[in-house]
Amino acid sequence: MLAPVCYSYSLNGFTEQFARKFKTCEPYYEEVSFNANGRVFHDKKQITGWFGDYCGYKQTVRTSGVTLYAACAFTRSQVNTLYNALLIQPKVFGVDNKTQDIWDSYVLNPQNCKLSNKNLFKESTKLDKKYIPRF
């Protein structure tokens, strides 16, 4: 029987469990749903472990009509930088989030991650781009 899992988010939007596992690139998976500006998002994060000198990381973010995927390979140095970013806490949840800014700079870099999407901005989808979670 599976027990419900409760994730404890820090003010930067990442769970403490994720940060501990990412520090050593230990395989880990978490799935959470959250409401942002009246829209429900489903976020899956997976650390797949070390593959040679690279730490594997995957993320999927879904909301109605939109699915975004990221598949990444981070070097040991990048893992250290990203882990240190996980320790930065803003004063208020979601405001002035330096952690997310640092993660975005690595995840949006095509040398680190492959991004793809499914059904992005179908005409029937009225989703303001500013509400899509940044990777």
With rounding to the nearest 0.5 Å, note down the distance linking CD in Q46 to NZ in K58.
-> 5.5 Å
Could you state the interatomic distance from CG (L87) to OG1 (T99), rounded to the nearest 0.5 Å?
->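 Nearest 0.5 Å value for the CG-OG1 distance: 8.0 Å.
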Passes side-chain contact (heavy atoms from CB on, under 4.5 Å), R20 versus Y28? Steps please.
-> CA-CA 10 Å; R20 282 195 305 271; Y28 177 72; over 6 Å; no
Between the side chain of T81 and the main-chain N/O of S77, is any donor-acceptor distance below 3.5 Å?
-> yes
Report yes if some heavy atom in the side chain of [X] is under 4.5 Å from a heavy atom in the side chain of [Y]; otherwise report no.
X: T24; Y: Y83; value: no
X: R76; Y: D53; value: yes
X: T60; Y: T67; value: yes
X: T48; Y: Y29; value: no
X: Q59; Y: Y69; value: no

Starting from the C-alpha separation in whole Å, work towards a yes-or-no answer on side-chain contact (heavy atoms from CB on, under 4.5 Å) for R62 and F41.
-> CA-CA 6 Å; R62 285 187 309 109; F41 291 88; over 6 Å; no
Can you give the donor-acceptor pairs under 3.5 Å from side chains of residues 107-114 to other protein atoms, not counting sequence neighbours?
{"from": "N109", "atom 1": "OD1", "to": "Q111", "atom 2": "N", "distance (Å)": "2.8"}
{"from": "N112", "atom 1": "OD1", "to": "Q78", "atom 2": "NE2", "distance (Å)": "2.9"}
{"from": "N112", "atom 1": "ND2", "to": "Y106", "atom 2": "O", "distance (Å)": "3.0"}

What heavy-atom pair brings F74 and W50 nearest, and what distance separates the two atoms?
-> O-CZ3, 4.2 Å
Taking all heavy atoms of K98 and all of I88, pick out the closest pair and write down the distance.
->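 Answer, listing the atom of K98 first, then I88: CB-CG2, 4.0 Å.
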Once the angle between the rings of F14 and W103 is folded into 0 to 90°, is it parallel (under 30°), tilted (30 to 60°) or perpendicular (over 60°)?
->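 Tilted.
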For C55 and F22, what are the C-alpha separation, side-chain angles and deciding distance, and is it a side-chain contact (heavy atoms from CB on, under 4.5 Å)?
-> CA-CA 9 Å; C55 177; F22 192 78; 4.3 Å; yes
Residues in side-chain hydrogen bond (donor to acceptor under 3.5 Å, both in side chains) with E26, at least two apart?
->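 Checked E26 against side-chain hydrogen bond (donor to acceptor under 3.5 Å, both in side chains); matches are K21.
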